[in-house]
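Below: one structure in structure tokens.
For the single chain, residues carry numbers from 1 onward in sequence order. Computed from heavy atoms alone, side chains included, the values below leave out hydrogens, waters and symmetry copies.
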Amino acid sequence: MIFLPRARLLCLLALFVSGEGRAVHAQTPTHPLAPEHSTPLGAPILRILSPTSGEVVHGVAIIRFQTQNVIITSLFLPPAQQRAALPAAHLHVSVDGAEWHWVHSTADPVVIAPLSPGEHTVSLELAGSDHRPLDTRTVRFTVVARPIPAADHAAHASMAQSAVQARWELRLPSGALVSTGAQRDNIKDAALSAVQLSYVVRPRIALTATLGWARSRDLASADDPKLDVFSYDVGAEVRAPRWVAGELLTLTPFLGAGVGGRSYNYRALDLDATHNVAAYATVGGEAGVGRLRLRLEVRDYVAGFKPLGGNGVSSTHNDVVAMFGLSFVKSPAQRAR
């Protein structure tokens, strides 16, 4: 039996215990990304923070969400950049039960615009890197038009009114002059050409100046000589709100009245023209298809009438003028009335 000094025996015992400790430690390695004393991850969880179910959204839907036990990241990152302590995931976003969806791969809120006013449903599906669903959440909300601030509304109204007030309308209508009553024995019905210039004072009020030329004949003289009938007047129109039928077709009725003059002049005879005071009342409407406008107007004229031959007493006669004309609107701003 070999006896060792007590000091040497204690040293050998210490070395043996130290070697056993290193062996045990080498048999229990840890994951380089796992924290010390880590626990297994739970199931992936998705939560929608806002909007809440039934909430009213103004204009744009901003879906804020939160995830747990996963990290939202791009599907197109290189493998070296995809290493993280949590599994990678992304969102599948669908609106109103559509068969298609799009991928959202950042932690930023999901922004959806434009959405028509009314009730909408948005579904967020949490999916792994292999696109398999992990969790799904749905929210239903109501979209209303974003209100215009009072200051902006007043500015828009002022700009619109200024644009309307500066609006000029030029038309070249054609039509007919139809004699009625006693005028039928003096003036033959005739084709008429005119030039009209309107100035829109307010959205529903316009001033219209008209110069018309009717190519008629004097029925009270031998051989019915050719007679030019000139009308020149200024009047006011009151326009009703535009009636809209469909997206393109519109109709704007109007009423009006005006005063001016009426001149009769023989085209080939050496006689002085006669000039008379005239007044009219009018009714009509403007039909629009896109940028094209068709204006139809009927005027009832009451005018003084001096015998064309120079003999006789002046009297008041009546006739009707019907005109129609085409015009084009240059821009949507000019169409708004």
Item to check | Thr252-Arg239 side chain donor-acceptor pair, cut-off 3.5 Å | outcome: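 Looking only at side-chain atoms, Arg239 and Thr252 do not form any donor-acceptor pair under 3.5 Å.
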
Item to check | Any side-chain heavy-atom pair of Ile63 and Ile48 under 4.5 Å | outcome: yes

Next on the checklist: Any salt bridge linking Arg299 with Glu237? Criterion: basic side-chain nitrogen under 4.0 Å from a carboxylate oxygen.
Outcome noted: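 So Arg299 does not pair with Glu237 through a salt bridge.
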
Residues 177-184, side-chain donor-acceptor partners within the protein, below 3.5 Å, at least two apart:
{"residue": "Ser179", "atom": "OG", "partner": "Ile187", "partner atom": "O", "Å": "2.9"}
{"residue": "Thr180", "atom": "OG1", "partner": "Asn318", "partner atom": "O", "Å": "3.1"}
{"residue": "Thr180", "atom": "OG1", "partner": "Asn318", "partner atom": "OD1", "Å": "2.4"}
{"residue": "Gln183", "atom": "OE1", "partner": "His317", "partner atom": "ND1", "Å": "2.4"}
{"residue": "Gln183", "atom": "NE2", "partner": "Tyr264", "partner atom": "OH", "Å": "3.2"}
{"residue": "Arg184", "atom": "NH1", "partner": "Ser179", "partner atom": "O", "Å": "2.7"}

Checklist entry - Could Lys226 and Asp228 be called an ion pair, given the rule that one side-chain N must be under 4.0 Å from one carboxylate O? => result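 Looking at Asp228 together with Lys226, the answer is no, because their closest N to O distance does not fall below 4.0 Å.
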
Next on the checklist: Is there a continuous path of hydrophobic side-chain contacts, each under 4.5 Å between heavy atoms, that joins Val70 to Val93?
Outcome noted: yes

Checklist entry - Would you say Leu227 and Leu269 are hydrophobically clustered, going by side-chain heavy atoms of ILVMFWY under 4.5 Å? => result yes

Item to check | 4.5 Å side-chain heavy-atom contact, Tyr266 and Ser221 | outcome: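 Answer yes - side chains close enough.
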
Next on the checklist: Does any part of the side chain of Val56, heavy atoms only, come nearer than 4.5 Å to the side chain of Phe141, both counted from C-beta?
Outcome noted: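 The answer is no, as the side chains (C-beta and beyond) never meet within the 4.5 Å cut-off.
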
Next on the checklist: I'd like to know if the side chain of Asp300 pairs up with that of Tyr280 as donor and acceptor (distance under 3.5 Å, no hydrogens or angles considered).
Outcome noted: no

Checklist entry - Does the ring center of His92 lie less than 6.0 Å from the ring center of His131? => result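 Yes.
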
Next on the checklist: Under a 3.5 Å threshold, yes or no: a donor from one side chain and an acceptor from the other, between Glu297 and Gln196?
Outcome noted: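 Checked: Glu297/Gln196 side chains pair up, N/O donor to acceptor below 3.5 Å.
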
Next on the checklist: So Thr208 and Leu197, do their side chains get closer than 4.5 Å, heavy atoms only?
Outcome noted: no

Item to check | Chi angles and distances behind the side chain to side chain contact (heavy atoms under 4.5 Å, CB included) call for Leu115, Val95 | outcome: CA-CA 10 Å; Leu115 284 174; Val95 179; 4.2 Å; yes

Checklist entry - Going by atom types only, do Glu119 and Thr142 share a side-chain donor-acceptor pair under 3.5 Å? => result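 Looking only at side-chain atoms, Thr142 and Glu119 do not form any donor-acceptor pair under 3.5 Å.
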
Checklist entry - Please walk me through it: do Asp319 and Arg262 pass salt bridge (Lys or Arg N to Asp or Glu O under 4.0 Å)? => result CA-CA 11 Å; Asp319 53 60; Arg262 174 72 63 82; 2.8 Å; yes

Next on the checklist: Is any side-chain heavy atom of Arg295 closer than 4.5 Å to one of Phe324?
Outcome noted: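 Sidechains of Arg295 and Phe324: no contact.
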
Next on the checklist: Is any side-chain heavy atom of Leu308 closer than 4.5 Å to one of Thr274?
Outcome noted: yes

Item to check | Distance-only polar pair, side chains of Ser123 and Thr138, donor-acceptor under 3.5 Å | outcome: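 Note: Ser123 and Thr138 side chains meet the donor-acceptor criterion.
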
Checklist entry - Given the rule in the side-chain hydrogen bond (donor to acceptor under 3.5 Å, both in side chains) test, do Ser74 and Ser105 qualify, once you have shown the distances and angles that lead to the verdict? => result CA-CA 5 Å; Ser74 172; Ser105 56; 4.5 Å; no

Item to check | Leu124 side chain near Phe65 side chain, heavy-atom distance below 4.5 Å | outcome: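 Yes, their side chains come closer than 4.5 Å.
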
Checklist entry - Does Asp270 CG have over 12 foreign heavy atoms under 6.0 Å away? => result no

Checklist entry - Going by atom types only, do Arg140 and Thr121 share a side-chain donor-acceptor pair under 3.5 Å? => result yes

